[in-house]
Amino acid sequence: MKAVLFDLDGVITDTAKYHFEAWRAISKTLDIEVNEDLNERLKGVSREESLNRILLSANKEDMYTKEEKDKLCKAKNDVYIELINSLTPKDILPGIEAFIKELKKNNIKLGIASASKNAPRILEALGIKDEFDCIVNPSLISRGKPSPDIFIEGCRMLNVDSKDCIGIEDSYSGIKAINSANMISIGVGKSDILKDCNYIVDNTELLDYKLLHKIWSEQEKRKLG
Ligand code: B16
Ligand code: MG
């Protein structure tokens, strides 16, 4: 085990509630309701794809031009940025700071593979941006999660083989992406949503180096037959 690639929203901090609030505000102007179910399907997917899924949910996908969609995405991001302006180190999810310290002490490389174009700003506000050896820029990745591309690029940036890297995710599409990248996947959250991951924890407090090492060693043994 040489590296860990972290998802951001839902693993390091809980910005999902702000995405939800911002999309609800924008969708209201379009006469569309975003419920919890639909919101779950927006986790891990890009801003543009999120809007497409919202429009599709109301059969309105063909009603807007590319320019109008761009404007709606910008409006959503303006609301979202207002909401995340209040983020501080207190918003780091429980156990994550200690977990990061422990991984670094054990010479594990750390990276961020988030679909969010706001990731650097969020990590800065949380005071942990410098802890990471790489932050993949999602704007340079043409296929979003569940495509493995963002995780493959993270491994490339960290100069590690994907089989020596663990990915941690809270979304269905994110787990699919990690698995397709040939990495070991750890899900944080509910097993009905994250059923395809190699290992699941209920919450971030349960993540530690020993557990990751155990999961990695077991997977290695399984591969060797
Ligand atoms: P932005 P993650 C994802 O973050 C969110 O889960 C998803 O809801 C959001 O649409 C996406 O980032 C893009 O975010 O609008 O800030 O570029 O879970 O991949 O860390
Ligand atoms: Mg996430």
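The first residue in the sequence is number 1, and the count goes up from there. Just so you know, ligand 1 is whichever comes first in the structure, and atom 1 is the first atom listed for that ligand.
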Which ligand 1 atoms does [X] reach within 4.0 Å, using its non-hydrogen atoms?
X	result
Asn118	1 (P), 16 (O)
Ser114	2 (P), 4 (O), 19 (O), 20 (O)
Leu42	7 (C), 8 (O)
Ser50	10 (O)
Lys43	6 (O), 8 (O)
Leu8	20 (O)

Exercise. Are Ser171 and ligand 1 in contact, using a heavy-atom cut-off of under 4.0 Å?
Worked result: no
Exercise. Is ligand 1 less than 4.0 angstrom away from at least one heavy atom of Glu169?
Worked result: no
Which residue and atom name correspond to the protein heavy atom nearest [atom], and how close is it?
atom	result
atom 15 (O) of ligand 1	Arg47 NE, 2.7 Å
atom 11 (C) of ligand 1	Val45 O, 3.2 Å
atom 19 (O) of ligand 1	Ala115 N, 2.8 Å
atom 18 (O) of ligand 1	Asp7 OD1, 2.9 Å
atom 5 (C) of ligand 1	Asp9 OD2, 3.3 Å

For this session: Mind checking salt bridge (Lys or Arg N to Asp or Glu O under 4.0 Å) for Glu48 and listing every partner two or more places apart, or none if nothing turns up?
Result: Lys117
For this session: Mark yes or no for whether Asn159, through its side chain, and Cys155, through its backbone, hold a donor-acceptor pair below 3.5 Å.
Result: no
Problem set entry | Side-chain donor/acceptor of Thr15 to backbone N/O of Asp9, under 3.5 Å | no
Exercise. Do you know the tightest heavy-atom contact between Lys69 and Tyr64?
Worked result: CE-O, 3.8 Å
Problem set entry | Nearest option to atom 1 (P) of ligand 1, as decided by whichever heavy atom of Ser116, Ala119, Ala177, Pro138 sits closest | Ser116
Seminar exercise, completed: Short version for Lys117: what comes under 4.0 Å of ligand 1, heavy atoms counted, is both
Exercise. Taking the six-membered ring of Phe99 as reference, does the NZ or CZ atom of Lys101 fall below 6.0 Å from its centre and within a 45° cone about the axis?
Worked result: no
For this session: Verify the distance criterion only: is there a donor paired with an acceptor across the side chains of Ser114 and Asp7 at less than 3.5 Å?
Result: no
Exercise. Judged by modelled atom types alone, do Lys43 and His19 share a side-chain donor-acceptor pair under 3.5 Å?
Worked result: no
Exercise. Can you find an N/O atom of Lys145 closer than 3.5 Å to an N/O atom of ligand 1?
Worked result: yes
Exercise. Is any N or O atom of Asp170, backbone or side chain, closer than 3.5 Å to an N or O atom of ligand 1?
Worked result: no
Exercise. Angle class for the Phe6/Phe132 ring planes (parallel below 30°, perpendicular above 60°, tilted otherwise)?
Worked result: perpendicular
Problem set entry | Contacts of the Mg ion (ligand 2) with protein N/O/S atoms, counting only those under 2.8 Å | Asp7 OD2, Asp9 O, Asp170 OD1
Note: [X]-[Y] ion pair, threshold 4.0 Å (strictly below):
X	Y	value
Asp78	Lys74	yes
Arg41	Asp37	no
Asp196	Lys176	yes
Lys109	Asp133	no

For this session: May I ask whether Leu158 and Ile166 are part of the same hydrophobic cluster, defined by side-chain heavy atoms of I, L, V, M, F, W, Y residues being less than 4.5 angstrom apart, directly or through others?
Result: no
Problem set entry | From CZ (Arg156) to CG (Asp161), nearest 0.5 Å | 14.0 Å
